[in-house]
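Throughout, protein chains are lettered first and strands after them, A, B, ... in sequence-line order, and every chain is numbered starting at 1. Model, not experiment: these values are computed from the prediction.
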Protein chains: 2
Amino acid sequence: MNTEKELLDYIRNGGERFLPHVSIDCAVFGFHDNELKILLLKSKFLEDWALPGGHILRSEPLDVAAQRILNERTGLNDIFLKQFQSFGDPNRVSADNMNYLKEVLKVPLATDHWLLDRTISIGYYALVEFSRVNPILDYFTARYQWWDVHDLPSLVFDHALMVEKALQTVRLQLNYQPVGYNLLPEKFTMPELQKLYETMLEKPLDRRNFQKRMLGLGILERLEERKKVGPHKSPYYYRFNRKKYQEALSAGLSFGF
Amino acid sequence: MNTEKELLDYIRNGGERFLPHVSIDCAVFGFHDNELKILLLKSKFLEDWALPGGHILRSEPLDVAAQRILNERTGLNDIFLKQFQSFGDPNRVSADNMNYLKEVLKVPLATDHWLLDRTISIGYYALVEFSRVNPILDYFTARYQWWDVHDLPSLVFDHALMVEKALQTVRLQLNYQPVGYNLLPEKFTMPELQKLYETMLEKPLDRRNFQKRMLGLGILERLEERKKVGPHKSPYYYRFNRKKYQEALSAGLSFGF
DNA sequence: AGCTAATGTGTATCAGATACACAATAATTT
DNA sequence: AAATTATTGTGTATCTGATACACATTAGCT
């Protein structure tokens, strides 16, 4: 949807290519500056911020649709994505919220218009490496911004609820989901990994016990290289051993949190 | 849908009252004879067995719809129900699978018929007390039957996948969901509670340690009464202290499994 | 060269989980 | 009525994993 023409076509005829009554919204998490962040977009036509989302093609599987939607908006492939909940409050999208469509079209919409009917949204959460995301603007989107999950702007529809539930889900799954693997870059230091878990759990952890536990899982490799990061001893870089990580996960790994 | 007339009306005009493209299916779990069971129905018009399910009224919240659907079929109210996953494979319901509609209507269906279009199903699982379920037959349903989850018949559409995912979810949530509370009757013995957990976890547990752990949670009350159950010592009845249970759950209770 | 702030590492202790045994008892059999 | 059988009620010793905790090391700064 890079031009007004494409957007108009989407609004007018999207119901033929896309499945009506259902959509997908994605809570994209990243980790930066010791904060858990979420990627939100600001539409040209709405006051509030929104999760990136979209519709499902008529013959497209759900997970594929979620990947495609995020790929179109961030350029990322093979994103770690998990369905977490579907949202279907009959008033989750009010007619008022959809007024922007009139602005774009400049003509009234039929009351049975495919975008005005009740829509159930399937929530996905994504864990991405902060620095790899290069948001792609389209005709609908004014800008993207990462927001600290503790300090969010006003959100459209029920997207605040979605963020809350996505966060709950990620926190509950912290024990057996590869959170560190997906949120951190290839190389990272032990203090960085610890900060991530401290942020997620919202509590401080003992440095020595944390390291013992992580190394005890047998999924980390210490590199020769150290990160030069200030007037003090330099921490080693670590990386996940992909193979051992996969094995541990399928064997029922628990991080112990 | 107690008469052919109602069923025909549902097929022909249901799209006006119900939201198309979305449905709900419920995996109803019960516990009996030391087996985890699931409630399936056999339609008059299909060879395979199916999960009880239905459509969502145009302005009905999802959880309300799930309760209503189960209430219509089991007579139960206030069922413990949790959404666990949405299923949206584009081929999850093939055209062949819907042939039965022609049989009922005795006329061909329009290719854009609301029941023939792709439908995404929202999966719920329910935990119910086995003996309280009195399945209600309607014009569509030939009979209901409880099935051991380890020994299921052939299922329609993607319902086998739904059962598998529902089971996975219940097992993962065993630690912080009131499984015993919902699957067992008001009064139960410690051996019965233990059997339930052993069945869920698929492994034997030490009798003494199990009892210590359960009583240690502070949510059980021992009654004076004992269950007379054979040529040996009679076990005490226990029941959950509803208030303490709620408190413990919201305080982040973990059963330790 | 000395200072500062963070990292690398090991041990002692505690709590919770596990392993384990014997006395009590309800119904049945003798 | 006594003995038998199968199951329940209960307590302790041990082990494992989690937690608490301290000192030596070092990169960059002054």
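Taking atom CD of residue B:Q194 and atom P of nucleotide D:dT8, one finds them 9 Å apart after rounding to whole Å. The OH-P distance, from B:Y237 to D:dG9, rounds to 12 Å in whole Å. In this entry the distance linking NZ of A:K233 with P of C:dA6 reads 15 Å, nearest Å. Atoms CG (B:N209) and P (C:dA15) sit 19 Å apart, rounded to a whole Å. The interatomic distance linking A:Y236 (OH) with C:dT9 (P) rounds to 6 Å, in whole Å. Distance A:E225 CD to C:dG8 P: 14 Å, rounded to the nearest Å. Here D:dG17 presents its C1' atom at 16 Å from CG of A:L205, a figure rounded to the nearest Å. A straight line from CG of B:L215 to P of D:dT10 spans 9 Å, rounded to a whole angstrom.
A salt bridge links B:K187 to B:E225: one of the charged nitrogens lies within less than 4.0 Å of a carboxylate oxygen. With respect to A:E221 and A:K244, no salt bridge is recorded, no charged nitrogen being found less than 4.0 Å from a carboxylate O. Ion pairing between a basic and an acidic side chain is recognised when a charged N comes within 4.0 Å of a carboxylate O; B:E60 and B:R68 show such pairing. We find that B:E202 and B:R171 are joined by a salt bridge, their nearest charged nitrogen and carboxylate oxygen being less than 4.0 Å apart.
Annotation: of the two residues near DNA chain D, A:G230 and B:P231, the 5′-most nearest-nucleotide partner is B:P231. Between B:F255 and A:H232, the residue whose closest nucleotide on DNA chain C is further toward the 5' end is A:H232.
A close approach under 4.0 Å does occur between a side-chain nitrogen or oxygen of A:R222 and OP1 or OP2 of C:dT9.
At a cut-off of 3.5 angstrom, counting only N and O atoms as typed in the model, there is no donor on one side facing an acceptor on the other between the side-chain of B:R208 and the base of C:dA17. Residue side chain A:R207 does not reach the base of C:dA6 through any donor-acceptor N/O pair under 3.5 Å, judged by distance alone. A donor-acceptor contact under 3.5 Å is formed by the side chain of A:K212 with the base of C:dT11. Judged by distance alone with a 3.5 Å cut-off, no donor-acceptor contact links the side chain of B:D206 to the base of C:dA17.
B:Y176 and B:F255 get closest at one heavy-atom pair: N-CD1, 4.4 Å.
Among the atoms of the strands shown, only primed sugar atoms or phosphate atoms (P, OP1, OP2) are found under 4.0 Å from some heavy atom of B:R213.
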